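Report on the following structure.
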Amino acid sequence: MRHGIVTLLSDFGTADAYVAAMRGVMLGVNRALRLVDITHEVVPQDVFGGALVLRHAAPFFPRGTVHLAVVDPGVGGPRAPIVIETALGWFVGPNNGILTLAAPAPRRAYRLENPAFRRPVLSDTFHGRDLFAPAAAYLACGAPAAAMGPALDEAQVVQLDLPAVRREAGALRGEVIHVDHFGNLITNVFGDYVAEPRPAECCVEVGGARICGVRRGYYEVTAGELCAVVGSAGLLEVAVRDGSATARLGLGRGAEVRVTPGRGGDA
Amino acid sequence: MRHGIVTLLSDFGTADAYVAAMRGVMLGVNRALRLVDITHEVVPQDVFGGALVLRHAAPFFPRGTVHLAVVDPGVGGPRAPIVIETALGWFVGPNNGILTLAAPAPRRAYRLENPAFRRPVLSDTFHGRDLFAPAAAYLACGAPAAAMGPALDEAQVVQLDLPAVRREAGALRGEVIHVDHFGNLITNVFGDYVAEPRPAECCVEVGGARICGVRRGYYEVTAGELCAVVGSAGLLEVAVRDGSATARLGLGRGAEVRVTPGRGGDA
Amino acid sequence: MRHGIVTLLSDFGTADAYVAAMRGVMLGVNRALRLVDITHEVVPQDVFGGALVLRHAAPFFPRGTVHLAVVDPGVGGPRAPIVIETALGWFVGPNNGILTLAAPAPRRAYRLENPAFRRPVLSDTFHGRDLFAPAAAYLACGAPAAAMGPALDEAQVVQLDLPAVRREAGALRGEVIHVDHFGNLITNVFGDYVAEPRPAECCVEVGGARICGVRRGYYEVTAGELCAVVGSAGLLEVAVRDGSATARLGLGRGAEVRVTPGRGGDA
């Protein structure tokens, strides 16, 4: 047996029986599995949002972890159920992009077609329970991914990507890709872009606000102050210390962000 | 020791110390127990709602699991704390019906009266922590249910049931018994009722909408379209693909549902 | 190895990758650790609120448990990361008071400065993942607290306390310190204050309501009735049976409560 850790991510919420049913099915495969929630609060059907949370959680788990991610608006339809095998571990879910922000290259993908690794009767509305959970459980117990079904060409794996940052007229143009629990606005601008020249040397424009200088952490500003930092996922974010940037600026996912060279004093 | 899995269900929410206190007490009985949440988001005091989630989760756990369910508006009062022993496992909670949609017959019930299986001091406001959690933990460690206290006649066990479906004038008349996280309207009409003759041959009327044909899955309709499916619990449900049926129709628990023979083209 | 239980408490919510990243880091230290959530729904930056939940949960866990609590508005700044060693177990978090309502005296505190017990690169925005989680994991595996860094004088440990109850003109004057999931108003008045003379002999005044007699439990009143009880944490609380006292009275944290001798009939 491998180390037997399975993470769970879904848009099922935690009020219904859905997540518990998946847990029960996995413990039925092997009672020693270690089931660890990532989140079940992905906005219903928000594949990109789920993929992003998985991207920011999966790398912190031990190698060999099985990551089960079910945001599956096309359940029962033609999208294939797959597993992606990587150096980091296995990623199990529908082939709709949910796995691909997190699963690092090189990778091999397989369709989950082998009936030995699913429940005997398959519903058309809950593959999380009937198909993905047992496959993840068997993988975590050592079943080889290649035994799950035929290989899928890399080109057949639906790939999501972070929206591209564009360079124009000396500025970087990015966008808000996530609003976190604290109301921080997480962007698609990697910290590297603003790390050199020194962060103090650039300004971040978002929703009419202009923030000059990138802080090391929230502690560098006072309560209620707007600031830019490179957050814990390595992405530029806009925050209000002890407050909410999304509430302050009235902005959310998709809002445009511009990073320009310069200093506050130049403005 | 049995396999040591205990599931937890309550209306305690997860913001307070209540659930954690129950977990701590159980780990104090045996640190190797495996504690698995079903949900803690049952609407406060909604015994039927909690019983329904338990019904839809418990069958997916391995036999021998202990299911601890605490929705207990009468805590401290005359309702008895009980365990129900079944072929599926043990069900621990107050004798107010919370356990009975899930606990299959045949079953034997016992009052939890033996002070050896509770905390030394019993509060009158939190039997989940002081009485039910330790009883569940000891059961999961192999203590016999009959050691917990005197047997209870089956007739003394408060029984909840799904509301009955009625047949009248060639139609089935049922109701919405649960609204799930996605806004799907789950009814008390078993899938068998609409499976033969072929699902296409019946119509579902709910809140002014008439949906003809029962789909195999949400994937058969387009985004935003209303549909009827037999959901993963085997019950007829009304859904909007990539949307919310409860929001679309303005309906919730208790709403009437009629299933009539016929086809869309007949309407 | 110690028994390896680590509890987690934070204000991170459960929608983002933050909590999962902490879990992953800890399982990377030792895959056999048992991670148990207390809550992640502390109001953002509410150190007192988090400390209170920890106070009401920690005593129910087995001795030797490691309690990891991250409500850390000053992350990255001068507040020290610490561990407090007590007879109950270890408390790991920032030195801002979050640990001190729960950590019983006598206690010894240490700064978490040893780089052997943190991730190799430390962010300035997420010490929960990079510093506190690995320290907690190593402690749960048997690393001595004294190995984590230099000792801290007790006087240097930021201490939170429950607000004091005042006695004036024959009455006790306290306040609401927490509103729980049920809408119960939990006060800072210990049950001892109202236990003798017999509870029936005092009245509780809060927000214009006067409740005479302290009940043993909610079951003593009828649905919808306002009552006072000594709750499961040993504190006087005001509740509405099968309802919400916070909604009924329009009161929340900080609301004044007066306890006076006397009986209902005297009013």
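In the text below, chain A, chain B and the rest are named by the order of the sequence lines, each starting its count at 1. Note that the structure is predicted; figures quoted are calculated from it, not measured.
Interface remark: of the candidates C:Val19, C:Asp37, C:Val75, C:Val75 forms the most heavy-atom pairs closer than 4.5 Å to chain A. Note on C:Ser123, C:Pro73, C:Pro78, C:Gly28: by heavy-atom pairs under 4.5 Å with chain A, the leading option is C:Pro73. Among the candidates A:Pro59, A:Ser232, A:Gly217, the residue making the largest number of heavy-atom pairs closer than 4.5 Å to chain C is A:Ser232.
Contact between C:Gly74 and A:Arg241 at its shortest, heavy atoms only, is CA-NH2, 3.8 Å. Nearest approach of C:Ala20 to A:Ala57, heavy atoms of both residues: CB-CB, 3.9 Å. Between A:His181 and C:Pro44, the shortest heavy-atom distance links the atoms NE2-CG, 4.1 Å. Smallest separation of non-hydrogen atoms from C:Arg23 and A:Val36: CD-CG1, 3.4 Å. Of all the heavy atoms in C:Arg31 and A:Arg63, the pair that sits closest is NH2-O, 4.1 Å. Nearest heavy-atom pair, C:Thr125 versus A:Arg216, reported as atom, atom and distance to 0.1 Å: CG2-O, 4.2 Å.
Residue contact with chain A, scored on non-hydrogen atoms closer than 4.5 Å, involves the side chain of C:Arg129 exclusively. Heavy-atom distances place both the backbone and the side chain of A:Val53 under 4.5 Å from chain C.
When C:Arg119, C:Met26, C:Met22 are each tested for a side chain to side chain contact (heavy atoms under 4.5 Å, CB included) with A:Phe60, only one passes: C:Arg119.
In this structure, OH on A:Tyr219 lies 12.5 Å from CG on C:Asp72, to the nearest 0.5 angstrom. From C:Asp16, atom CG reaches atom NE2 of A:His178 across 3.5 Å, with rounding to the nearest 0.5 Å.
Heavy-atom neighbours of C:Arg111 CZ from other residues, nucleotides or ligands within 6.0 Å: at or below the threshold of 12.
The aromatic rings of A:Phe182 and C:Tyr18 lie tilted to each other, with the angle between the two planes from 30° to 60°.
In this structure the side chain of A:Ile5 reaches within 4.5 angstrom of the side chain of C:Leu27, judged on heavy atoms.
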